[in-house]
Amino acid sequence: MSKLKAPRGTQDILAEDSKLWQKIEAEAIKVFAAAGFNEIRTPIFESTELFSRAVGEDSDIVNKEMYSFTDKSDRPLTLRPEATAAIVRAYNEHSLERAPKPHKLWYRGPMFRYERPQTGRYRQFHQIGIEAIGSKPPYIDLEIIQVGMQLLSNLGLNDLTLYINSLGNQASREAYTKALKDFLSGLQEDVCEDCQRRYQQNPLRALDCKQEADQALYKNAPSLQDYLDEESKEIWTAMLQGLDKLAIKYIVDPRLVRGLDYYSHAVFEIKTSSKELAGQNTVLAGGRYDKLVKDLGGQESPAVGWALGLERLASLIENKTETGGLYIISDSAMDAQILARKLRQDTNNSITIDYDYNSSKFNKQLERAIKRSYDWALFYMEDERNSGKFKLKNLRETVEYNDLDYDAVVARTTSCNAL
RNA sequence: GCAGGUGUCGCCAAGUGGUUAAGGCUCCGGAUUGUGGUUCCGAUAUCGUGGGUUCAACUCCCAUCAUCUGCCCCA
């Protein structure tokens with residue numbers, strides 16, 4: 001019988017990694033709450049139309065990466081490839097524009113994209129993100145960037161760089177796209193196949209081409225910055241000044257475009273220089289999407305947000321597992337169980353308490369307690385049960401306490417090792 | 001979707017055409033008769049799958065699947 005495997009591009013987060021994920025999530029929740037963001041949970045699948053409208057028909061995500069299916073009533077549905085569209089849908093559906101603005105939300109959960117798996121890229125992957133809907137000035141952009149930086153630095157990451165660019169408002173972007181297409185049209189003969197395709201689908205992407213020959217041809221391409229109109233320029237300037245005042249280091253990257261159609265004004269990515277992630281070094285990315293709420297049928301509401309990849313983030317953080325807790329060593333599994341239940345209650349579930357279910361030999365049980373890195377071994381053999389006095393051993397410091405009564409055991413184990 | 005690498009026990013890993021497929025680690029069981037990861041003993045694989053070549057295949061060929069890496073693109 002062959003073993004079944006998880007589907008391609010999916011993975012199990014085993015107990016060890018799970019601890020790390022919990023740590024990241026706990027830190028995120030703390031940082032978000034402190035900045036006034038509240039959690040929103042939306043469905044894992046949505047109508048396919050939501051994503052094709054929101055993300056853009058021409059985007060790669062919609063073109064070839066969606067996990068789409070029809071249900072038994074032939075409804076076209078899609079496993080969400082990202083969360084922003086769904087959150088905007090929910091925002092509109094529940095008329096949240098009537099709530100105080102900006103509406104500040106965070107989310108976490110699995111996303112799905114049908115792609116070739118490789119380092120830092122999976123078909124089911126997990127994101128944590130925030131969105132702020134209903135505020136136009138760049139202070140809210142600054143706020144979410146700042147929250148993101150804070151979260152990453154709290155998690156101990158410091159080799160990160162913020163790359164940022166402005167796409168300008170829609171008018172600016174259209175004017176620029178036109179100018180760029182004019183420029184590119186003369187080069188199509190000499191340019192790589194990918195770029196020919198980009199020319200058709202998303203001309204801005206061409207500037208990001210990795211072919212050196214193409215880069216040489218693009219040297220004199222028009223610059224987006226020159227096409228920003230007054231409004232866009234004002235916002236962009238304020239944005240950069242704000243980053244300076246917050247002492248957030250950044251690199252303006254004029255080629256940073258992003259693959260989703262709904263962005264305008266500020267777009268940004270936080271990248272790591274760690275080799276761990278090789279080509280997929282973007283850990284957190286986002287931008288402003290002023291048009292999207294209206295495009296999805298809502299009241300015009302400017303908005304901005306970002307998402308970070310949990311798998312990528314987790315791979316950058318050292319996973320140090322610390323267990324601790326107390327292991328009961330007993331020749332009676334039943335008595336150990338009764339004691340464990342009582343101890344868990346009386347320690348208020350503040351430390352891990354476990355014991356041997358197989359009534360193994362004394363030495364085996366002690367060995368287990370050590371191997372599984374418990375802090376304490378509590379001896380509960382016949383003698384202890386009869387006398388009501390416990391023997392407690394600190395396995396880290398090799399100290400043994402004799403003749404403790406029950407309350408002393410509780411006091412001693414909880415005093416120094418809370419979960 | 002394209003290009004390349006890899007597939008021998010839970011993990012690492014020898015074997016490269018010929019009798020019983022090394023070894024290490026982990027895990028499990030046992031011994032050392034209630035105190036430190038020790039030591040000793042034991043158990044655990046038909047070599048991804050299917051086909052072909054051959055007297056003979058883990059070793060060669062083909063296909064397929066899985067996985068990894070790069071491209072596209074992205075978190």
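Convention: sequence-line order gives letters A, B, ...; per-chain numbering from 1.
Side chains of A:N169 and A:S172: a donor-acceptor N/O pair is present below 3.5 angstrom, by distance only.
At the heavy-atom level, A:L310 lies nowhere under 4.0 Å from the strands shown. Using a 4.0 Å heavy-atom cutoff across all strands shown, A:E384 reaches at least one base atom of the nucleic acid. A:D331 comes within 4.0 angstrom of no nucleic acid atom, judged by non-hydrogen atoms across all strands. A:G120 comes within 4.0 angstrom of a nucleotide base, judged by non-hydrogen atoms across all strands. Heavy atoms of A:E65 sit under 4.0 angstrom from primed sugar atoms or phosphate atoms, though from no base atom. A:E400 comes within contact range of at least one nucleobase, with a heavy-atom separation under 4.0 Å.
Under the Watson-Crick or G-U wobble criterion, with both distances below 3.5 Å, B:C9 is left unpaired in every strand shown. Nucleotide B:G36 has no partner under the Watson-Crick or G-U criteria, as no pair reaches both atom distances under 3.5 Å. B:C60 and B:G52 make up a base pair, with Watson-Crick or G-U wobble contacts both under 3.5 Å. In this structure B:C73 sits in no base pair that meets the Watson-Crick or G-U test at under 3.5 Å. B:A43 is unpaired under the Watson-Crick or G-U wobble criterion, no partner having all donor-acceptor distances under 3.5 Å.
In this model, no side-chain donor or acceptor of A:K64 finds a partner on the base of B:C73 within 3.5 Å. In terms of polar N and O atoms assigned as donor or acceptor, the side chain of A:K361 never comes within less than 3.5 Å of the base of B:G34 in a complementary pairing. A donor N or O paired with an acceptor N or O is found under 3.5 Å between the base of B:C73 and the side-chain atoms of A:R121.
Here the side chain of A:E367 is nearest to one of B:G34, B:G36, B:U38, namely B:U38. For A:R198, counting side-chain heavy atoms from C-beta on, the closest listed nucleotide (B:A75, B:C72, B:C27) is B:C72. Relative to the side chain of A:P117, the nucleotides B:C68, B:U69, B:C28 differ in distance, and B:C68 lies closest.
Residues forming a ring pair (Phe, Tyr, Trp, His ring centres under 6.0 Å) with A:F268 (at least two apart in sequence, or on another chain): none.
Of the residues A:T352, A:L395, A:T414, A:L392, the one that meets the side-chain contact (heavy atoms from CB on, under 4.5 Å) test with A:L326 is A:L392.
Ring to ring, A:Y67 and A:F69 are not that close: their centroids are 6.0 angstrom or more apart.
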Would you please test A:K136 and A:D141 for salt bridge (Lys or Arg N to Asp or Glu O under 4.0 Å) and show each step? CA-CA 9 Å; A:K136 194 166 178 60; A:D141 303 52; over 6 Å; no
